[in-house]
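First up is the structure itself, then whatever we jot down about it.
Reckoned from all heavy atoms, side chains included, excluding hydrogens, waters and symmetry mates.
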Amino acid sequence: MANILPAKTKYRKVHKGRNKGFAKGGDTIAFGDYAIQALERGKCSSSQLEAARVAINRNLKRRGKLWMRVFPQKSVTKKPAETRMGKGKGGVEYWCAVIKPGTMLFEIAGVPMSMARESMRLADGKLPFKCRFVVREGVEVL
């Protein structure tokens with residue numbers, strides 16, 4: 001499984017920052033008919049996002065269209081175990097996406113609601129926070 005990471009960044013290492021507040025954008029369904037929305041805040045690593053994406057695609061069996069609304073832009077660094085303090089910041093360990101409550105993570109179109117719901121349930125199991133299934137307004141619920 002290939003990890004998702006940015007092609008190019010201005011700086012390789014970034015500050016930790018704080019993850020407070022609610023989603024400022026990306027909190028409505030923009031592309032598909034069904035989506036999965038984060039209910040909690042947290043960091044989602046590139047491998048977790050990729051695992052969720054693969055779970056959705058495997059369940060859909062190449063039907064419909066999938067949009068991934070988040071991308072791992074932030075690098076997370078880690079110093080080796082049993083290393084003394086000082087000597088600068090550690091190397092980049094992995095890339096993550098900072099998720100706030102209300103953020104749409106994945107969207108699906110072109111499949112029945114039951115199939116979309118099952119795909120999103122499988123993806124939810126791969127993610128480190130609670131999510132909910134959301135249906136776009138105007139879509140007939142069968």
Side-chain angles (χ1 to χ4, degrees), residues 1-81 83 85-142:
M1 213 183 311
N3 271 353
I4 313 163
L5 63 149
K8 186 179 171 191
T9 55
K10 192 167 184 180
Y11 299 106
R12 203 163 44 93
K13 298 175 184 177
V14 295
H15 290 296
K16 226 176 222 141
R18 294 288 169 264
N19 187 7
K20 60 180 194 167
F22 295 91
K24 205 168 58 169
D27 56 348
T28 56
I29 298 178
F31 305 103
D33 297 329
Y34 312 105
I36 187 171
Q37 184 179 38
L39 295 176
E40 297 174 350
R41 68 189 75 249
K43 284 195 279 193
C44 194
S45 71
S46 60
S47 54
Q48 289 167 334
L49 283 171
E50 180 67 9
R53 187 190 68 77
V54 168
I56 292 170
N57 278 333
R58 284 213 175 122
N59 192 57
L60 292 179
K61 298 185 180 123
R62 294 176 57 184
R63 284 185 291 236
K65 177 133 176 66
L66 174 70
W67 289 269
M68 192 165 134
R69 294 286 307 275
V70 290
F71 189 82
Q73 305 268 5
K74 189 171 200 164
S75 61
V76 177
T77 61
K78 190 167 188 260
K79 292 192 85 159
T83 305
M85 292 283 103
K87 305 269 190 287
K89 196 171 184 177
V92 174
E93 188 78 3
Y94 62 93
W95 294 83
C96 74
V98 177
I99 307 296
K100 293 184 174 187
T103 306
M104 295 293 172
L105 303 170
F106 293 96
E107 292 185 23
I108 298 177
V111 293
M113 186 173 174
S114 57
M115 184 181 270
R117 189 181 289 276
E118 177 60 18
S119 296
M120 295 303 193
R121 187 190 66 77
L122 293 169
D124 190 7
K126 310 288 183 195
L127 299 170
F129 37 73
K130 285 183 186 160
C131 301
R132 71 174 179 179
F133 182 73
V134 185
V135 180
R136 185 171 54 85
E137 288 180 27
V139 175
E140 286 187 32
V141 180
L142 301 172

Can you tell me how far [atom2] of [Y] sits from [atom1] of [X], rounded to the nearest 0.5 angstrom?
| X | Y | atom1 | atom2 | value |
| --- | --- | --- | --- | --- |
| Tyr94 | Thr77 | OH | OG1 | 9.5 Å |
| Leu127 | Ile36 | CG | CD1 | 5.5 Å |
| Asp124 | Leu39 | CG | CG | 8.5 Å |
| Arg53 | Gln48 | CZ | CD | 15.0 Å |
| Arg132 | Gln37 | CZ | CD | 4.5 Å |
| Ile108 | Met115 | CD1 | CE | 9.5 Å |

Residue pair [X] / [Y], side-chain heavy-atom distance below 4.5 Å:
| X | Y | value |
| --- | --- | --- |
| Leu49 | Phe71 | no |
| Lys65 | Phe31 | no |
| Met104 | Thr28 | no |
| Phe133 | Met113 | yes |
| Met68 | Ile4 | yes |
| Arg69 | Thr103 | no |
| Cys44 | Val70 | no |
| Arg12 | Val92 | yes |

- Query: Stepwise, does the side-chain contact (heavy atoms from CB on, under 4.5 Å) test hold for Arg41 with Phe129?
  - Reply: CA-CA 7 Å; Arg41 68 189 75 249; Phe129 37 73; over 6 Å; no

- Note on the structure: Given the options Asn57, Val111, Leu66, Asn59, Ser119 meets side-chain contact (heavy atoms from CB on, under 4.5 Å) only with Asn59

[atom1]/[X]: more than 12 non-hydrogen atoms of other groups inside 6.0 Å:
| X | atom1 | value |
| --- | --- | --- |
| Lys74 | NZ | yes |
| Lys78 | NZ | no |
| Lys13 | NZ | yes |

For residues [X] and [Y], report the shortest heavy-atom separation together with the two atoms involved.
| X | Y | answer |
| --- | --- | --- |
| Gly32 | Ala109 | CA-CB, 3.8 Å |
| Gly21 | Pro101 | O-CD, 3.6 Å |
| Lys43 | Cys96 | CD-SG, 3.5 Å |
| Val135 | Ile29 | C-CD1, 3.8 Å |
| Glu107 | Ala35 | CG-CB, 3.7 Å |

- Dump the intermediate steps for side-chain contact (heavy atoms from CB on, under 4.5 Å) on Thr9 and Ser75, then the final yes or no. CA-CA 10 Å; Thr9 55; Ser75 61; over 6 Å; no

- Item | Short side-chain to backbone donor-acceptor contact, Lys126 and Glu50, under 3.5 Å |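 Checking the backbone N and O of Glu50 against the side chain of Lys126, no donor-acceptor pair under 3.5 Å is found.
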
